> 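I'd like to ask you about the structure that follows.
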Amino acid sequence: MASPKIETLLPTVYSTCGEGPHWDVPSQSLYSVDIQAGTALRWEADTGKQSKITLDGTVSFVVPCDRGGVVVGHNRSISHVDWDSQALTVLGELDQGTTNRTNDAKADASGRLWPGTMGLEAVPGKVAGPVGALYSMSTDHKLTKQLGSISISNGMDWTDDNSVMFYIDSVPRKVYAFDFDMAAGTISNQRTAVEFAPDSLSTYGLPDGMCIDAEGKIWVACFSASAVHRFDPETGKTLQTLKFPATNITSVCFGGKNLDELFVTSSQYNLQPSQGVQPLAGSLFRVTGLGVKGRAPYNYKG
Ligand SMILES: O=C(O)[C@H](O)[C@@H](O)[C@H](O)[C@H](O)CO
Ligand SMILES: [Zn+2]
């Protein structure tokens with residue numbers, strides 16, 4: 001019987017909203033972002049060495065690129081940044097003429113990027129309305145709007161056979177599933193894979209980032225609920241619950257030498273007085289002993 005161990009790997013490393021953990025196999029390091037601080041961070045597992053890039057405004061995701069450097073969500077743009085020189089090249093702009101910003105993103109197995117957007121967030125979890133969207137960006141930087149009327153575009157992942165894409169809109173509290181056509185870069189047949197009951201806010205919160213494991217089960221970071229829940233996306237049932245010493249848990253990613261460690265980000269941005277004093281909010285946590293492996297996220301090939 002597996003017995004999970006939760007450790008605070010980097011206490012309060014995020015001064016605002018920690019997000020977007022991405023395990024990079026070649027460098028055995030974890031990339032992540034500190035959204036409102038405008039930084040992308042890298043932690044090297046073997047040495048513990050940390051480095052970062054800092055931009056003006058928000059940085060909502062970081063994904064390494066096959067050609068070197070990283071692609072980031074910077075305010076409303078998708079930009080390539082060279083990690084060492086910090087040279088920035090804008091690849092595309094989303095939701096121009098609005099006050100939206102980018103939020104979470106991942107690359108699919110073909111190397112295409114899937115960035116999403118959200119409206120201004122006065123209080124965490126509260127946006128003006130469903131003014132965000134989900135886009136894809138091809139490897140030659142062409143943008144396609146995939147879904148409109150999104151509130152807070154958030155976590156996503158794909159089944160190993162690339163037949164299904166999971167995707168979260170946090171405010172309606174839904175994990176959706178779509179049929180995924182990887183060659184065409186399209187999603188269809190939207191249905192709800194996990195439904196959060198209206199009276200479950202304290203235990204399930206708002207679904208935020210997510211990842212899939214080697215058994216096809218999904219791990220969902222539950223914002224405002226101090227939790228990560230593992231679900232069976234076929235039945236929508238909860239299989240396992242991990243609790244953390246911070247309320248706003250934002251995202252999850254498998255990594256480590258054997259891809260059997262779960263990295264979990266959290267936020268200390270705009271904590272509400274009702275949430276109490278939380279000395280570990282904004283920390284990066286690591287869970288070992290889960291007895292299940294995951295898959296490292298894919299690079300952007302553009
Ligand atoms: O991390 C994100 O995805 C958003 O940028 C954050 O603002 C919160 O996590 C969100 O409000 C909770 O759903
Ligand atoms: Zn998120």
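Every number for a ligand or one of its atoms is a count from 1 in the order of the listing. Keep in mind that this is a model prediction, so the values were computed, not measured.
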> Where does Q36 meet ligand 1, judged by heavy-atom distances below 4.0 Å: at the side chain, the backbone, both, or neither?
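It is neither part, as no heavy atom is under 4.0 Å.
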> Would you mind running through ligand 1 and noting each atom that sits below 4.0 Å from a heavy atom of S170?
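Taking each heavy atom of S170 in turn, ligand 1 has 13 (O) under 4.0 Å.
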> Only heavy atoms of E19, strictly under 4.0 Å: list the atoms of ligand 1 that pass.
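Close to E19: 1 (O), 2 (C), 3 (O).
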> Give me the residue, atom name and distance of the protein heavy atom closest to atom 4 (C) of ligand 1.
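Going atom by atom, the protein heavy atom closest to atom 4 (C) of ligand 1 ends up being N103 OD1, 3.5 Å.
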> Counting N and O atoms only, with roles assigned by atom type, does the side chain of D157 sit under 3.5 Å from a partner on the main chain of I212, one being a donor and the other an acceptor?
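A pair under 3.5 Å: yes.
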> Would you mind telling me if ligand 1 is within reach of the side chain of D104, the backbone, both or neither, using heavy atoms under 4.0 Å?
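For D104, there is no contact with ligand 1 at all, from either part.
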> Between W43 and F263, is any pair of side-chain heavy atoms under 4.5 Å apart?
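Result yes, sub-4.5 Å side-chain heavy-atom pair found.
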> For the residue pair F285 and F244, categorise the inter-ring angle as parallel (less than 30°), tilted (30 to 60°) or perpendicular (more than 60°).
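Geometry flag for F244 against F285: tilted rings.
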> Mark up the atoms of ligand 1 that fall under 4.0 Å of a heavy atom belonging to C17, in ascending order.
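It comes down to these atoms of ligand 1: 1 (O).
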> Once you measure the plane-to-plane angle for Y31 and W83, does it fall in the parallel (<30°), tilted (30-60°) or perpendicular (>60°) bin?
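Perpendicular: the ring planes of Y31 and W83 meet at over 60°.
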> Against heavy atoms of D208, which atoms of ligand 1 measure under 4.0 Å?
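So the answer, numbered in order with elements, is 1 (O), 2 (C), 3 (O), 8 (C), 9 (O), 10 (C), 12 (C), 13 (O).
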> Look only at the side chain of T139 and the backbone of G302, and say whether a donor-acceptor pair between them is shorter than 3.5 Å.
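No, because the side chain of T139 does not come within donor-acceptor range (under 3.5 Å) of the backbone of G302.
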> Can you name the nearest heavy-atom pair linking A227 to T203, along with the distance?
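Distance-wise, the nearest heavy atoms are CB-O, 4.3 Å.
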> Can you sort out which atoms of ligand 1 are near F223, meaning under 4.0 Å from one of its heavy atoms?
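Every atom of ligand 1 under 4.0 Å from some heavy atom of F223: 8 (C), 9 (O), 12 (C).
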> So, 2.8 Å as the limit: is an N/O/S atom of N154 located closer than that to the Zn ion (ligand 2)?
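Under 2.8 Å: N154 contacts the Zn ion (ligand 2) through an N, O or S atom.
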> Looking at I152, which atoms of ligand 1 are within less than 4.0 Å of one of its heavy atoms?
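Counting atoms of ligand 1 from 1, those under 4.0 Å from I152 are 11 (O).
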> How far is atom 7 (O) of ligand 1 from the closest protein heavy atom, and which atom is that?
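Going atom by atom, the protein heavy atom closest to atom 7 (O) of ligand 1 ends up being E121 OE1, 2.5 Å.
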> Just to the nearest 10 degrees, tell me the angle at the Zn ion (ligand 2) spanned by D208 OD1 and E19 OE2.
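Computed angle, vertex at the Zn ion (ligand 2), rounded to 10 degrees: 90°.
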> For A183, is there any backbone N or O sitting under 3.5 Å from a side-chain donor or acceptor partner on D181?
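Yes: the side chain of D181 pairs with the backbone of A183.
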> Within the side chain of R286, is there an N or O that forms a donor-acceptor pair under 3.5 Å with the backbone of I6?
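Not confirmed, R286 side chain does not pair with I6 backbone.
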> Mind listing the closest non-hydrogen atom pair of E19 and D104 along with its distance?
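Distance-wise, the nearest heavy atoms are OE1-OD2, 4.1 Å.
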> Which ligand 1 atoms are under 4.0 Å away from a heavy-atom of G125?
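Heavy-atom distances to G125 below 4.0 Å select 11 (O).
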> What part of S267 sits under 4.0 Å from ligand 1 if we count only heavy atoms: the side chain, the backbone, both or neither?
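Looking at S267 and ligand 1, no heavy atom falls under 4.0 Å.
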